[in-house]
2 protein chains.
Amino acid sequence: MEIASRKAPVTLHDVAREAGVSLATASRALNGSERKVHESYRSRVLDAAARLNYTPNLSAQAVAKGGTNTVALLVADIADPYFSSIAAGVIRASEEAGLVVTMAVTERSTARELELVRALRGQRPRVMILAGSRSSTETDQDALISELQAFEATGGRVVFVSQHELPFETVAIENAEGAKQLARELVALGYRRFAAITGSRTLLTARDRLSGFVEGLAESGIEIPENRIVATEFTRDGGFDGANALLAQGLDDTELIFAVSDVMAVGALSALREAGIVPGEDIAVAGFDDIPTVRDVTPPLSTVNIPLVEVGRRAIALALSTDDTANDTITTTVVLRDSTPSR
Amino acid sequence: MEIASRKAPVTLHDVAREAGVSLATASRALNGSERKVHESYRSRVLDAAARLNYTPNLSAQAVAKGGTNTVALLVADIADPYFSSIAAGVIRASEEAGLVVTMAVTERSTARELELVRALRGQRPRVMILAGSRSSTETDQDALISELQAFEATGGRVVFVSQHELPFETVAIENAEGAKQLARELVALGYRRFAAITGSRTLLTARDRLSGFVEGLAESGIEIPENRIVATEFTRDGGFDGANALLAQGLDDTELIFAVSDVMAVGALSALREAGIVPGEDIAVAGFDDIPTVRDVTPPLSTVNIPLVEVGRRAIALALSTDDTANDTITTTVVLRDSTPSR
DNA sequence: CGCAAGCCGGAGAACGCTTTCCCTGTTACG
DNA sequence: CGTAACAGGGAAAGCGTTCTCCGGCTTGCG
């Protein structure tokens, strides 16, 4: 039971008829690169197309050409500024390259991620970009890998964001190095007693950042006491909870809390403030990512900058590049702000 | 010159052969609703599909069925939390309904928006959701409308977010009413002297919020002096600039600054603080939207809550609903926090 | 003037599916 | 036991494109 007024979309056939040419000619005039079509014909077709307001059916083109111009983008949570900034870069670069982006969100579930990869594969995208925050100890891991390898075998490109342990191309982020540098600079500012809020230990990104930070401190013979490292959700609320956990066991003489991501740091800031502790004065806080909002919290947060939009762009660039082994790594830079005054 | 190892993807044909059945039967077993296929055949097909790791080619399905399961989502800026929250809702609801989301960003340009709508139309999506912040005085407006109407004529659904002046379905947001209520409650708190930072006057959303606010004040005989209303970019930096503009002409006895969106309010907060003015003490600030970050700025921002994720869900629900005239409106609620202490 | 060599339009196959239609069982009922 | 009804598999016709041929026309050259 269709709605009566529903008209079938204009097809290339209609355009060809209107222009009085063959289907082939119409196709060539509108897209079909290579072969030339005589100017008189060409303009007849173009006019007809415009008159009828023709839009080529992308699905039909895809099936005829045996391939799409689609980028499938998988993120953990699009409302998280980390991912939305990366997505912005991916989308921008894709549009510049004439690619359409289809997007799905895993909601941080690896089961869901696998499911989505499988579904997305049906799209026959040119490129698949995975910017989840993956855990490394999953049983699904192997299934995911083989799914992706099957995809690559049919000519698709897979690019991960910050996932150097998987057998795929990745735009690597200097997580460990950045955190190490941050530790050094904080030590230089005079900090000696640290606590840390991290995500699940299986989260590669969280792990790299924490271990980089720890290493950086170790260079100066500083250690974070085991009980001053709390692991929570890798979210704003996780940061909030983490700070409270730290608070609950007594801050004692802790001078600085390092949260492995800015969203966590921001949550921690709020928790501290609610407890009547003034961040930046009573205790210092540092994060990682340099998401836009950290400039607007109080005090502005010291962090490690990742050019997130650029990360997204690079992912597309990597996917589109022809030479394989060009694994790309993004440089991070420490940004000190008022949340870590020098002591 | 293809890469040598590139294998053609598994097709339904392959599955049928492997299972020793006809194409038709294979198709029916894997998707083809209606007709039953005998259990023995069905499982043969399913096994074969699993063995070959078959994924149906969505493009081919689309062309055969004459329609996709795609939602095209257009936003102004995916890195803006307002839009990314809405997008989260759209994506979530779409996935629940078995729809794939393709996304494009207009970067706040109406020319680009038109271009994208045209391009997206080629996808033959089931639904198109436009969550731009549209201006009303565009020459492109008519072109956009007719493009969208053409899309609807072929059976597509168009849903706008918060755009009640266009001849399309929309999930309406109580912008004016919410702002009016905010004004009332601020007056009740004891505020009398206001300033406002707004976006371009042609931006419907900004206009509605400002005029609602003004009306709300008028109920108590309060006016905002003309020179205390500054119009800037509808972004964080716009808010920052707006506050500085206000500062430049002297705050005098202004008690509260109303910014028509939270991102602007957050920018304003930073500008004030940089100028050595303590928001929440020296001057009050209120925003609109209740994006997640406003809970974490200092002081926490008073604002008008819009359930943004729900807005996205509703957009999909509206698009999928069969009865046309169900224009949906989202209720907003005032949330008072520390940025507007009672006087 | 004859013929090879472009150029370029058109017919039609192909892409990977769905779906209609046909046709062969099988069941049920008088 | 005859036949009508139905179940369900398979062949083949699409769906809207692209692309490979084919062939007619023009050109150019000996």
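Numbered from 1 within each chain, the chains take letters A, B, ... in sequence-line order. Values below: every heavy atom of this structure, side chains too, minus hydrogens, waters and symmetry copies.
- One finds a salt bridge joining A/Arg313 and A/Glu96 here, because a Lys/Arg side-chain nitrogen approaches an Asp/Glu carboxylate oxygen to under 4.0 Å.
- Of the candidate nucleotides D/dG9, C/dC17, D/dG16, D/dG9 has the atom lying nearest to any side-chain atom of B/Arg35.
- Proximity of A/Asn31 to the phosphate of D/dT18: a side-chain N or O atom is located under 4.0 Å from OP1 or OP2.
- Atom CZ of A/Arg44 and atom C1' of C/dG9 are 11 Å apart (whole Å).
- Across the protein-nucleic acid pair, A/Leu12 atom CG and C/dC15 atom P stand 19 Å apart, rounded to whole Å.
- No hydrogens or angles considered: nothing links the side chains of B/Ser109 and B/Thr106 as a donor-acceptor pair under 3.5 Å.
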Point to revise | B/Gln123 and A/Asn57: CA distance, side-chain angles, deciding distance, side-chain hydrogen bond (donor to acceptor under 3.5 Å, both in side chains) verdict | key: CA-CA 6 Å; B/Gln123 291 242 6; A/Asn57 182 323; over 6 Å; no

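- As rounded to whole Å, 17 Å separates atom P of C/dC7 from atom CD of A/Glu39.
- The distance from atom CG of A/Asn69 to atom P of D/dT17 is 15 Å, rounded to the nearest whole Å.
- No engagement by A/Pro9 is indicated, since no non-hydrogen atom pair under 4.0 Å with the nucleic acid exists.
- In this structure, A/Tyr54 reaches the D/dT17 phosphate: one of its side-chain N or O atoms is under 4.0 Å from OP1 or OP2.
- Rounded to whole Å, the distance from CZ on B/Arg17 to P on C/dG16 is 12 Å.
- The residues B/Arg17 and B/Asp14 are annotated as salt-bridged, a charged nitrogen and a carboxylate oxygen being separated by less than 4.0 angstrom.
- Taking atom CG of residue A/Asn57 and atom C1' of nucleotide C/dG16, one finds them 14 Å apart after rounding to whole Å.
- Near DNA chain C, defined here as any heavy-atom distance below 4.0 Å, the residues from residues 23-30 of chain B are B/Ala24, B/Ser27, B/Arg28, listed numerically.
- Looking at the side chain of A/Ser22, the nearest of the listed nucleotides D/dG9, C/dG10, D/dC15 is C/dG10.
- A donor-acceptor distance shorter than 3.5 angstrom exists from the side chain of A/Ser43 to the backbone of A/Ser40, with no hydrogens or angles considered.
- Side-chain atoms of B/Ser94 never come within 3.5 Å of backbone atoms of B/Leu99 as a donor-acceptor pair (strictly under, hydrogens ignored).
- One finds the CG atom of B/Asp80 at 9.0 Å from the CD1 atom of B/Ile86 (value rounded to the nearest 0.5 Å).
- Between the P atom of C/dC17 and the CG atom of B/Asp14 lies a distance of 9 Å, rounded to the nearest Å.
- Rounded to 10 degrees, the angle between the two end axes of the helix from C/dC1-D/dG30 to C/dG30-D/dC1 is 50°, with five pairs used at each end.
- Contact check on B/Glu152 versus A/Lys7 returns no salt bridge, with no Lys/Arg side-chain nitrogen under 4.0 Å from an Asp/Glu carboxylate oxygen.
- A straight line from NZ of A/Lys65 to P of D/dG16 spans 17 Å, rounded to a whole angstrom.
- For B/Ala64, taking side-chain heavy atoms from C-beta onward, the closest of the listed nucleotides D/dC15, D/dC21, D/dT17 is D/dC15.
- In this model, a donor atom of one side chain and an acceptor atom of the other lie less than 3.5 Å apart for B/Gln61 and B/Asn31.
- A salt bridge does not link A/Glu115 with A/Arg118: none of the charged nitrogens is closer than 4.0 Å to a carboxylate oxygen.
- With DNA chain D read from its 5' end, the first of the two nearest nucleotides for B/Val63 and B/Gly20 is the one closest to B/Gly20.
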